[in-house]
Protein chains: 2
Amino acid sequence: MDNERREEAVTILRKAGFRATEPRLLVLSFLQNAKYPVSIQEIVAGMGNKSIHQVTVYRILHALKHAGIVTQVDFRHGRSYYELRDEQHDHHHIVCVKCGRVEDFVGCDYERLAAKALKQARGFATIVSHSLELFGMCNTCSKRKVRAA
Amino acid sequence: MDNERREEAVTILRKAGFRATEPRLLVLSFLQNAKYPVSIQEIVAGMGNKSIHQVTVYRILHALKHAGIVTQVDFRHGRSYYELRDEQHDHHHIVCVKCGRVEDFVGCDYERLAAKALKQARGFATIVSHSLELFGMCNTCSKRKVRAA
DNA sequence: TTGTATGCAAATTATTTGCACTCTC
DNA sequence: GAGAGTGCAAATAATTTGCATACAA
């Protein structure tokens, strides 16, 4: 039910100290439905009749990111992409360098990685976050890569 | 000897099919001396009396990246950073979220990671590159983090 | 009511392209 | 000399900030 989701979104916002405004609920709902990270522009474009200003979306995402509700990722497309933070699985993305298609994967073994890195980087005390993206070719683009540069 | 380095730089450029121009040699030399990835702005600022236009630096880096000589990394600072590609070690960076300090680390176990990811992402045929950054607190910033938000 | 949040305008900043001139090969 | 490369101007674009108005609590 859409109403359940809305309530869930309201709760998320309240818990983080935000007011449950229409724009925020719309953005959250959009993120909940998105299968993969989306850009500010995609969110604005996907609002249909309920228009939200790009700046507002920017500020909402900025706040949600700060509150740890949303994660920002870099797909090397010249802009940022956002998704709801996945608390269960520390997942990452594979991005097709040709068409931009995205898929998830888990198992980056963050604990081991962080421990190993801290052992080497003597000037660092703690690791607080990480980013990891793989870039490749999806099956479709891999086939039709015949075209020369 | 600086002359040796210059010769080395000339060779690198020629091999990649570029002409060994002054701006390119200066940028390469700057990258060779840099301990950590630098931004276009830092390169321009670091040229001293030999001024190179920002656009030129941009184009040089763009070309060198394309040729596989330079690597581009994202430190979440709103701009790109560049470093000479390290063919020996697949190293990555830890960035201090407070002061921006950077250190290297190796051992991301790329082969294993790529294999694991490909097994999960059924729509992908190959992985061609990856990006991995850790964000943390350096010893200095870690101590003086007393200041409240 | 009250202070947070949004919309609109506009500033910033990084990136990118067009074009005429310069310099390497 | 020919064509690659550079500098300058200017176009794109994404991000960010100021401020007056609107809305949640």
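Convention: sequence-line order gives letters A, B, ...; per-chain numbering from 1.
- Annotation: salt bridge (charged side-chain N to carboxylate O under 4.0 Å, His left out) contacts involving residues 59-75 of chain A, sequence neighbours excluded, are absent.
- Using a 4.0 Å cutoff on non-hydrogen atoms, the parts of residues 13-36 of chain B near DNA chain D are F18(B), R19(B), T21(B), P23(B), R24(B), ordered by number.
- Pairs engaging residues 16-37 of chain A under the salt bridge (charged side-chain N to carboxylate O under 4.0 Å, His left out) rule: R6(A)-E22(A) [sequence neighbours left out].
- A salt bridge links R85(A) to E87(A): at least one charged side-chain nitrogen sits closer than 4.0 Å to a carboxylate oxygen.
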Considering only distance and modelled atom types, tabulate donor-acceptor pairs under 3.5 Å from the side chains of residues 36-45 of chain B, sequence neighbours left out.
unit_1	atom_1	unit_2	atom_2	d
S39(B)	OG	E42(B)	N	3.1
S39(B)	OG	E42(B)	OE1	3.4
Q41(B)	OE1	R79(B)	NH1	3.2
E42(B)	OE1	S39(B)	N	2.7

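- Each end of the helix from dT1(C)-dA25(D) to dC25(C)-dG1(D) yields a helix axis from five base pairs, and these two axes differ in direction by 40° (to the nearest 10 degrees).
- Using modelled atom types, one finds no donor on one side chain facing an acceptor on the other under 3.5 Å when comparing H92(A) with D104(A).
- One interatomic measurement links the two molecules: NZ of K65(B) to C1' of dT16(C), which rounds to 13 Å at whole-angstrom precision.
- Pairs engaging residues 47-69 of chain B under the ring-ring contact (aromatic ring centres under 6.0 Å, His included) rule: Y58(B)-H62(B) [sequence neighbours left out].
- The structure places CG of L25(B) at 9.0 Å from CD1 of I60(B), a figure rounded to the nearest 0.5 Å.
- Contact check of residues 43-56 of chain A against DNA chain D (heavy atom, cut-off under 4.0 Å) returns V55(A).
- The CZ atom of R59(B) sits 12 Å away from the P atom of dT16(C) (whole-angstrom rounding).
- On the nucleic acid side, DNA chain D has its first and last nucleotide under 4.0 Å of a heavy atom of chain A at dA14(D) to dA25(D), going 5' to 3'.
- Every residue was checked against the salt bridge (Lys or Arg N to Asp or Glu O under 4.0 Å) condition with D90(A), not counting sequence neighbours, and none meets it.
- A donor-acceptor contact closer than 3.5 angstrom links the side chains of R5(B) and N33(B).
- Under a 4.5 Å side-chain heavy-atom cut-off, the cluster of Ile, Leu, Val, Met, Phe, Trp and Tyr residues that includes V55(B) has no other member.
- In this model, the phosphate group of dT15(C) is not approached by any side-chain N or O of Y58(B) to a distance below 4.0 Å at OP1 or OP2.
- Side-chain heavy-atom separations under 4.5 angstrom define the hydrophobic clusters, and the remaining members of the one that includes F124(A) are I94(A), F105(A), Y110(A), L113(A), L118(A), I127(A), L132(A), L134(A), I94(B), F105(B), Y110(B), L113(B), L118(B), F124(B), I127(B), L132(B), L134(B).
- Clustering ILVMFWY residues whenever any of their side-chain heavy atoms sit less than 4.5 angstrom apart, transitively, puts I12(A) in the very cluster that holds I52(A).
- Mapping Q72(B) and I60(A) onto DNA chain C via the closest heavy atom, the residue that lands nearer the 5' end is I60(A).
- Residues passing the salt bridge (Lys or Arg N to Asp or Glu O under 4.0 Å) test with E103(A), sequence neighbours excluded: R101(A).
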